[in-house]
Amino acid sequence: KISAVIFDLDGVIVSTDEYHYQAWKQISDQENIYFDRAINERLRGVSRMESLDIILSHSDKVYSESEKYLLAQRKNDIYCELLNKLSANDILPGIINLLISLKARDIKIAIGSSSKNTPFILDQIGLATNFDAIADGNSIKNSMPDSEVFLLAAEFLGVQPEECVVIEDAQAGIDAAKAAGMKAVGIGSAAKCFNADMKLNDISNLDIDHLLEVNEIRS
Ligand code: BG6
Ligand code: MG
């Protein structure tokens with residue numbers, strides 16, 4: 001029986017894709033590295049340093065660890081500046097209703113995100129105090145597809161992994177949820193994931209009874 005829902009943050013609660021894209025684009029332009037939206041798609045759910053490695057794989061230059069650290073820091077400074085524009089208006093359709101419905105049914109809710117900017121983003125969109133637990137990029141060693149962030153969220157909630165369903169927009173996140181022994185709902189681009197238990201284009205199409213039974217539905 002499902003007793004908790006773990007939400008990924010970027011791409012599920014709020015769309016930060018464009019800001020990540022703009023920040024990485026500025027860094028790649030400065031470094032003369034080819035970067036486009038298709039490459040940006042591959043960064044979905046991937047940690048900051050691993051995202052940087054994907055971007056640098058399009059360059060001939062060999063970067064030292066300290067150069068990489070500085071580039072990641074520069075990208076994050078640009079990204080955080082852009083995040084200042086985020087507000088509750090950027091919460092994706094269907095999320096608020098879903099959170100209210102889950103609370104009404106006594107289902108626990110948590111965030112499980114690779115992002116180290118999770119506290120800042122939740123603050124910007126006004127949801128900093130709405131979750132029963134938050135596991136994020138600051139509290140884990142191994143990023144998705146490792147199961148660590150979702151197992152930590154379940155531990156914080158005091159529930160077993162098999163009682164959890166994860167909502168994700170990235171293949172790496174669906175893999176992480178399955179590796180944790182949880183049910184996985186793929187939304188947006190993750191609706192194509194072969195191993196998602198349920199596939200949806202959009203949260204606003206979600207039927208909460210289906211979610212809690214995790215029957216396979218496709219839209
Ligand atoms: C994930 C995003 O949620 O967080 C990735 O989908 C991002 O694109 C990752 O790279 C790490 O984010 P941050 O905010 O710690 O740089
Ligand atoms: Mg995501």
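First listed ligand is number 1; within each ligand, the first listed atom is number 1.
Between Lys178 and Asp197 there is a salt bridge, with a side-chain nitrogen of the basic residue lying less than 4.0 Å from a carboxylate oxygen of the acidic one.
Between Pro161 and Phe150 there is no side-chain heavy-atom pair separated by less than 4.5 Å.
Less than 4.0 angstrom separates some heavy atom of Gly45 from each of these atoms of ligand 1: 2 (C), 5 (C), 6 (O). Near Ser51, meaning under 4.0 Å from one of its heavy atoms, ligand 1 places the atoms 10 (O).
Backbone or side-chain N, O or S atoms of Glu168 do not reach the Mg ion (ligand 2) at under 2.8 Å.
Looking only at N/O/S atoms, Asp169 comes nearest to the Mg ion (ligand 2) through OD1. Between the Mg ion (ligand 2) and the N, O or S atoms of Asp8, the shortest distance is to OD2. Closest approach between the Mg ion (ligand 2) and any N/O/S atom of Asp10 involves O.
Each of Ile2 and Leu157 belongs to its own hydrophobic cluster when Ile, Leu, Val, Met, Phe, Trp and Tyr are linked at side-chain heavy-atom distances under 4.5 angstrom.
If you check the side chains of Glu31 and Tyr63, you find a donor sitting under 3.5 Å from an acceptor. Side-chain atoms of Asp36 and Tyr34 form a donor-acceptor pair, as typed in the model, at a separation below 3.5 Å.
In terms of N/O distances under 3.5 Å, ligand 1 is approached by Ser115. Of the N or O atoms in Lys116, one or more lie within a sub-3.5 Å distance of an N or O in ligand 1. In terms of N/O distances under 3.5 Å, ligand 1 is not approached by Asp8.
In this structure, the protein non-hydrogen atom closest to atom 16 (O) of ligand 1 is Arg48 NE, 2.7 Å. Nearest protein heavy-atom contact of atom 3 (O) of ligand 1 is Asp10 OD2, 2.6 Å.
With a 6.0 Å cutoff to the six-membered ring centre and a 45° limit on the axis angle, Lys192 does not count as a cation-pi contact of Phe194.
Under the 6.0 Å cut-off for aromatic ring centres, Phe35 and His58 do not qualify, their centroids lying 6.0 Å or more apart.
Across Cys164 and Met182, no two heavy atoms sit closer than the pair O-CB, 3.6 Å.
Considering Leu43, Asp17, Val46 only, the shortest heavy-atom separation from atom 10 (O) of ligand 1 involves Val46.
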